[in-house]
Amino acid sequence: MIEFRNVSKNYPSGTHALNNVSLKINDGEFVFIVGSSGAGKSTFLKLIMSEEKLTKGEINVDGIRLSKLRRRKVPYLRRKMGIVFQDFRLIEKMSVYDNVAFAMRCVGANNKTIKERVPYILKLVGLGSKIKSKPSQLSGGEQQRVSLARALVNNPEIIIADEPTGNVDPEMSHEIIDLLSEINKQGTTIIIVTHEHDLVKEFGKRVIEIHKGKIVHDTMLEETPVEEIELISSYDQESANDELSPLLKLDEESPDDVEELHTEEVPATAEEVTEPPKSKVEQAVENIDKIVEEIESDNKEDLIHTVKLDPAKIRRIMAEEEKKKKQDAAVDSVIDSLNTNT
């Protein structure tokens, strides 16, 4: 589940990208995010991926509080996600097979698993015959399918697609959304940012519209079918109060009203959190946490119930951590390679 609680994001330039946004996306949902340019859609995605830090509020992704997420833990969060970009971001020098296999190598998959999984995923997206082709030999729709295969290959819990139909023709747009719909039926959560309102209304999934950093429509909370909703971003017009869903005017409600919608109160920022006094057990665990950080290890379970730290055990934990760090470095290299090729 993805949950935003009173989330705001401000940039140093003075831009207020998101303003007091609260919503839930449940496991297995299919959601379209729409809005005009500059509405806050990209910021919304970047916050979910922990590419940007929130200014205020809290975001929870599959039980992980992003305000508390340490930088070195971000790659583990992103392993839950498959990302599909509008501009494909394929590595031109690699074949279709290697572009998809690269994503598996980055998380430490062995060659046997890669050889079994990659052809299966490429057949799933209709590219079984293009396995040896280079990206330049493919059409725009085929390149987007490779991008989708790369996002799927590690079996993520969430697929995030940023304008996946922006560079393909209308027929291919339908095929891509159809394919994502089939993937969604297997239980994968799908979040798609798009400008194609006709496509959104045709598929009849949940639609969240962001306008000037606020949610102005959410079909899960409104009685009006998506086909009948006049999306503000269709006309890039100002939003009058009577155009907003009554359930979405959270910033106009009293604090008591907001409390009813979110029974668990969340502080505005992580720095303002006031915690109750720690028990002896909690304090002991915290002390061990500090020791674990000093040896750069995440494997606390081996230490929490250990009275005396065994040097051999510490060496083993540090060796495991070194392996994890290499995998994280490989993930970072993928991101750098993709950015270099764009």
Side-chain angles (χ1 to χ4, degrees), residues 1-4 18 21-37 39-49 59 61-62 80-86 124-126 141 144-145 147-149 151-152 155-211 214-235 239 243-248:
M1 181 183 72
I2 298 170
E3 183 174 12
F4 278 54
L18 291 179
V21 170
S22 294
L23 62 84
K24 287 183 181 180
I25 297 175
N26 294 316
D27 292 341
E29 272 203 88
F30 190 119
V31 181
F32 285 110
I33 308 293
V34 301
S36 55
S37 296
K41 305 186 304 298
S42 294
T43 297
F44 179 85
L45 294 186
K46 288 178 179 179
L47 288 172
I48 293 175
M49 296 184 287
I59 300 173
V61 177
D62 195 28
K80 298 175 179 287
M81 305 172 183
I83 315 298
V84 182
F85 300 97
Q86 177 181 358
L124 182 67
V125 300
Q144 189 59 288
R145 284 174 177 267
S147 178
L148 181 55
L152 287 171
N155 197 28
E157 299 169 24
I158 304 166
I159 294 288
I160 296 176
D162 189 2
E163 297 285 359
T165 61
N167 287 330
V168 299
D169 59 51
E171 183 178 352
M172 184 56 68
S173 295
H174 280 76
E175 290 184 14
I176 289 171
I177 301 302
D178 275 332
L179 183 55
L180 287 167
S181 295
E182 289 302 313
I183 294 165
N184 173 248
K185 290 177 182 177
Q186 307 305 314
T188 304
T189 304
I190 307 290
I191 302 173
I192 301 178
V193 164
T194 184
H195 282 94
E196 299 190 45
H197 298 138
D198 291 340
L199 197 65
V200 166
K201 291 187 176 184
E202 181 177 339
F203 277 86
K205 305 292 186 179
R206 179 182 177 186
V207 177
I208 296 172
E209 183 175 22
I210 301 175
H211 185 70
K214 295 184 178 183
I215 294 177
V216 293
H217 286 299
D218 185 343
T219 55
M220 188 181 75
L221 304 179
E222 299 181 55
E223 296 180 359
T224 307
V226 62
E227 296 84 0
E228 299 177 14
I229 290 177
E230 289 296 327
L231 297 173
I232 294 169
S233 51
S234 300
Y235 307 98
S239 56
E243 291 177 321
L244 305 184
S245 164
L247 294 176
L248 299 175

Which heavy-atom pair separates Lys205 from Ser181 by the least distance, and what is that distance? CE-OG, 4.0 Å

Applying salt bridge (charged side-chain N to carboxylate O under 4.0 Å, His left out) as the test, list every pair that has at least one member in residues 190-199; sequence neighbours left out. none

On a heavy-atom basis, which atom in Pro156 and which in Gly82 lie closest, and how many Å separate them? CB-N, 3.5 Å

List for me each residue that meets side-chain contact (heavy atoms from CB on, under 4.5 Å) alongside Ile59, sequence neighbours excluded, and say none if there are none. Phe4, Val7, Leu47, Leu54, Val61, Leu66

Between the side chain of Gln144 and the main-chain N/O of Phe85, is any donor-acceptor distance below 3.5 Å? yes

Can you see which heavy atom on Ile183 is nearest to which on Leu152, and at what distance? CD1-CD1, 3.3 Å

With Ile192 as partner, the option from Ile159, Ile177, Val31, Asp162 fulfilling side chain to side chain contact (heavy atoms under 4.5 Å, CB included) is Ile177

Determine, stepwise, if the pair Leu23 / Phe44 fulfils side-chain contact (heavy atoms from CB on, under 4.5 Å). CA-CA 11 Å; Leu23 62 84; Phe44 179 85; 3.7 Å; yes

Determine whether Val34 and His197 satisfy the following criterion, side-chain contact (heavy atoms from CB on, under 4.5 Å), listing intermediate values before the conclusion. CA-CA 8 Å; Val34 301; His197 298 138; 4.1 Å; yes

Given side-chain contact (heavy atoms from CB on, under 4.5 Å), test Met172 with Thr165 step by step and report yes or no. CA-CA 8 Å; Met172 184 56 68; Thr165 61; over 6 Å; no

Steps toward side-chain contact (heavy atoms from CB on, under 4.5 Å) verdict (Leu180, Leu148): CA-CA 9 Å; Leu180 287 167; Leu148 181 55; 3.6 Å; yes

Is the closest side-chain heavy-atom distance between Ile210 and Thr43 below 4.5 Å? no

Inter-residue atom distance Ile83.CD1 - Met49.CE, 0.5 Å rounding: 5.0 Å

Look up atom NZ in Lys201 and atom OG1 in Thr219, then write down how far apart they are to the nearest 0.5 Å. 11.5 Å

Please identify each residue that fulfils side-chain hydrogen bond (donor to acceptor under 3.5 Å, both in side chains) with Ser173, with sequence neighbours left out. none

Minimum heavy-atom separation for Val84 and Ala151, please, with both atom names. CG2-CB, 3.7 Å

Run the side-chain contact (heavy atoms from CB on, under 4.5 Å) test against Glu157 and tell me which residues pass, sequence neighbours left out. Asp62, Lys80

A side-chain contact here means heavy atoms from C-beta on lying under 4.5 Å apart; do Ile48 and Ile191 qualify? yes

Report yes or no: does Lys41 contribute a side-chain atom to a donor-acceptor pair with the main-chain N or O of Ser36 at less than 3.5 Å? yes

Distance in Å, Ile25 CD1 paired with Ile33 CD1, rounded so as to fall on 0.5 Å steps: 5.0 Å

Would you call Glu163 and Thr194 a side-chain contact if the rule is heavy atoms closer than 4.5 Å? yes

Please enumerate all residues that pass side-chain contact (heavy atoms from CB on, under 4.5 Å) together with Glu171, with sequence neighbours excluded. Asp169, Glu175

Give the minimum heavy-atom separation between Ala39 and His211, together with the two atoms involved. CB-CA, 4.2 Å

Listed partners of Met220 passing side-chain contact (heavy atoms from CB on, under 4.5 Å), at least two apart: Glu29, Arg206, Asp218

Using side-chain heavy atoms (C-beta onward) and a distance below 4.5 Å, is Phe203 in contact with Phe32? yes

Hey, does the side chain of Thr189 reach the backbone of Gly28 with a donor-acceptor pair shorter than 3.5 angstrom? yes

